[in-house]
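For ligands, and for the atoms within them, numbers begin at 1 and follow the listed sequence. Atom set for the values below is all heavy atoms of this structure, side chains included, hydrogens, waters and symmetry mates excluded. Quantities reported herein were computed from a predicted structural model and do not represent experimental measurements.
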Amino acid sequence: MPGKVWFNGSMVDYDKLHIPLLNHSLQYGSGIFEGIRSYSGDRNVFIFRLKEHMERFQNTAKIYRMDLKYSATELEKAVVETVRSNNLKDSYIRPFAFYKSDEISLFPSNREVNIAIAAIPFGKYFGEKANRGVRCKTSSWERINSRILPVRAKASGNYLNSVISGLEAISAGYDEAILLSGDGYVAEGPGENIFIVSKGKLATPGLESSILSGITRDTVKTISQDMGMEVSERLMLRDDLYLADEVFFCGTAAEVTPVVEIDGIKIGDGKPGEITRKLGQKLSEAATGKTERYMKWLTPVY
Ligand code: PY5
C-alpha cells in the first residue's frame with residue numbers, strides 16, 4: 001500500500017483518500033493512466049523515461065478530451081516528489097487521471113478531473129517466472145482496434161480486453177495471453193509488447209497491428225540497433241511466433257521477459273534465449289545509470 005499519494009497538487013495519505021462509489025471512471029472505465037518505474041543505481045535512484053511517459057499521458061488526455069490542468073513538466077516534477085516523499089528505490093509509479101463526477105450520465109456535466117500519482121516498491125511483474133520464461137496462450141479474444149477505441153491511448157477501459165484475455169489464459173493453465181489483431185496478425189500481450197528473434201534479427205509488430213506504442217519497445221529497438229542488430233517492424237503471423245528462435249515480451253512492468261512456449265509449442269529449445277537475456281541485461285544497465293549514452297533517459301530522484 002502506498003504511504004503518501006500526490007493528489008491534485010499536494011501529498012496526502014493514501015488511506016485518507018475517499019472516492020465516491022458512483023465515480024464516473026470507476027463505473028465506466030473513463031480514467032487514463034501511466035505505468036513508470038524507478039530503479040536504484042550506484043549513483044542515485046532514477047526514474048526511467050519519465051518524459052516519454054508524461055508525453056503519452058498528455059496524448060491520452062488529448063484523445064479523450066480531458067483537461068489535465070497540469071503540463072507534462074509539472075507532472076514530471078510531481079512524479080519525482082511522489083517517489084521522494086515515500087523514500088522509494090525500486091518502485092512502480094502509477095499516474096492516474098479520472099473524472100470527479102459521480103453522475104449516472106455517460107457525459108458528465110462536470111468534466112473536471114482528479115489527478116493522482118501513487119508509487120509502491122516493486123520487483124518482477126512475473127515473479128519467479130520472469131527467469132524461467134512464461135508460457136502463453138493465443139487468446140480467443142481479438143485485441144481491440146482503432147475502429148473501436150483508440151489503442152494509442154492508455155485508458156482504463158481498454159484494459160478490459162487485457163483482463164478478459166489474461167484471465168482466459170491463466171484459467172487454462174498458462175501464464176499470459178497473446179492477442180491477435182482484428183486482421184489475425186500478432187498484436188501484443190495484455191500489458192506487454194512482443195518481439196521475435198530469428199537468425200539474429202529482431203522483429204516486432206507495427207502500430208497497424210493495434211498495439212500500444214510501448215516505451216520499452218522503443219528502448220529495446222534502440223538498444224538492439226546500438227548493439228548492431230537489425231530490427232524490423234512488420235505484420236507478424238502466429239506461425240512466425242512458433243518458428244522463431246526466441247520470443248520475448250517487453251514493457252514497463254514486464255521489463256524483458258522470455259516467452260518459452262506458445263499454445264503448447266516450445267519456442268526454440270524451450271529455454272530463455274541468449275539475445276533475450278542480453279537485452280534484459282542491457283535494459284537493466286541503462287535503467288540503473290550504468291550506460292553513459294542512455295543517461296538521457298534517466299531522471300534522478302534524490
Ligand atoms: N502494451 C500494453 C497493452 C500495455 O499495457 C503496456 C504497458 C505495454 C504494451 C508496454 O508499454 P510500456 O513499455 O510503455 O510500458 N502495460 C503497463 C505497464 O506498466 C501495465 C502493466 C500492468 O507495463
Side-chain angles (χ1 to χ4, degrees), residues 29 31-39 47-60 63 79 83 90-96 117-127 129-130 134 136 139 141-146 148-167 169-170 175-181 185-195 204-224 233 236 247-257 259 279-280 282-284 286-287 294 297:
I32 67 163
F33 68 98
E34 266 305 319
I36 315 171
R37 273 188 188 257
S38 72
Y39 289 94
I47 299 171
F48 190 61
R49 305 205 68 175
L50 176 58
K51 190 166 178 290
E52 290 82 356
H53 280 284
M54 292 336 285
E55 242 171 55
R56 189 169 65 188
F57 195 53
Q58 296 284 344
N59 288 344
T60 303
I63 290 170
V79 167
V83 177
D90 295 286
S91 81
Y92 187 87
I93 307 153
R94 171 56 51 86
F96 182 41
I117 305 169
I120 50 166
F122 209 67
K124 296 264 175 242
Y125 181 59
F126 284 106
K129 292 172 203 146
V134 291
C136 296
S139 186
W141 298 98
E142 275 173 21
R143 166 81 177 145
I144 47 164
N145 66 68
S146 293
I148 299 168
L149 283 168
V151 287
R152 200 177 287 196
K154 202 164 166 65
S156 302
N158 286 6
Y159 282 81
L160 273 180
N161 183 231
S162 301
V163 170
I164 199 168
S165 58
L167 289 179
I170 291 164
D175 303 318
E176 186 61 302
I178 293 174
L179 290 134
L180 305 181
S181 71
Y185 294 103
V186 176
E188 58 181 343
E192 312 87 7
N193 290 118
I194 196 164
F195 278 80
T204 191
L207 296 188
E208 65 281 359
S209 294
S210 301
I211 61 163
L212 182 78
S213 180
I215 292 160
T216 320
R217 173 179 176 274
D218 177 73
T219 304
V220 166
K221 271 167 57 187
T222 304
I223 291 178
S224 27
E233 282 188 32
M236 197 177 282
V247 176
F248 64 87
F249 280 138
C250 72
T252 297
E255 300 169 306
V256 169
T257 300
V259 175
L279 286 169
K282 292 270 180 200
L283 171 67
S284 160
Y294 303 135
W297 286 337

Measure the distance from atom 13 (O) of ligand 1 to every protein heavy atom, then report the residue, atom name and distance (to 0.1 Å) of the closest one. T216 OG1, 2.5 Å

Do F249 and V259 pass the side-chain contact (heavy atoms from CB on, under 4.5 Å) test, and can you show the C-alpha distance, the side-chain angles, and the key distance before you say yes or no? CA-CA 7 Å; F249 280 138; V259 175; 3.7 Å; yes

For atom 17 (C) of ligand 1, tell me which residue out of E52, H53, K154 has the closest non-hydrogen atom. K154

Hey, looking at atom 14 (O) of ligand 1, which of D218, I93, N193, I215 has the closest heavy atom? I215

Element-labelled atoms of ligand 1 that are located less than 4.0 Å from some non-hydrogen atom of E188: 1 (N), 2 (C), 3 (C), 9 (C)

Output, in order, the C-alpha distance, side-chain angles, deciding distance and verdict of side-chain contact (heavy atoms from CB on, under 4.5 Å) for K124 and K129. CA-CA 9 Å; K124 296 264 175 242; K129 292 172 203 146; over 6 Å; no

Decide whether an N or O pair under 3.5 Å exists between Y92 and ligand 1. yes

Nearest neighbour in protein (non-hydrogen) for atom 5 (O) of ligand 1: Y159 OH, 2.4 Å

Below 4.0 angstrom from a heavy atom of A253, which ligand 1 atoms are there? Numbered from 1 as shown, please. 18 (C), 19 (O), 21 (C), 23 (O)

Min N/O separation G251 to ligand 1 under 3.5 Å: no

Output the list of atoms in ligand 1 that are nearer than 4.0 Å to some heavy atom of G214, sorted by atom number. 11 (O), 12 (P), 13 (O), 14 (O)

Atoms of ligand 1 less than 4.0 Å from T252 heavy atoms? 12 (P), 13 (O), 15 (O), 18 (C), 19 (O), 23 (O)

Rounded to the nearest 0.5 angstrom, the NZ-CD1 distance for K282 and I223 is 8.5 Å

Pair F96 + F33: ring centers closer than 6.0 Å: no

Donor-acceptor pair, N193 side chain versus L212 backbone, under 3.5 Å? yes

Residue, atom and distance of the protein heavy atom nearest atom 22 (C) of ligand 1 read Y125 OH, 3.8 Å

Any S38 side-chain heavy atom under 4.5 Å of D90 side chain: no

Given side chains that start at C-beta, do those of Y185 and P205 come closer than 4.5 Å, heavy atoms only? no

Side chain, backbone, both or neither: which part of R56 comes within less than 4.0 Å of ligand 1 when only heavy atoms are counted? side chain

Atom indices of ligand 1 within 4.0 angstrom of G35 heavy atoms, with elements: 19 (O)

Please confirm whether the backbone N or O of C250 pairs with a side-chain atom of R217, one donor and one acceptor, at under 3.5 Å? no

Hey, which of R49, R94, R56 is the one that makes salt bridge (Lys or Arg N to Asp or Glu O under 4.0 Å) with E34? R56

Would you please test Y159 and K154 for side chain to side chain donor-acceptor pair (under 3.5 Å) and show each step? CA-CA 9 Å; Y159 282 81; K154 202 164 166 65; 2.8 Å; yes

How close does the nearest protein non-hydrogen atom get to atom 6 (C) of ligand 1, and which residue and atom is it? G191 O, 3.3 Å

Going by heavy atoms, is P190 under 4.0 Å from ligand 1? yes

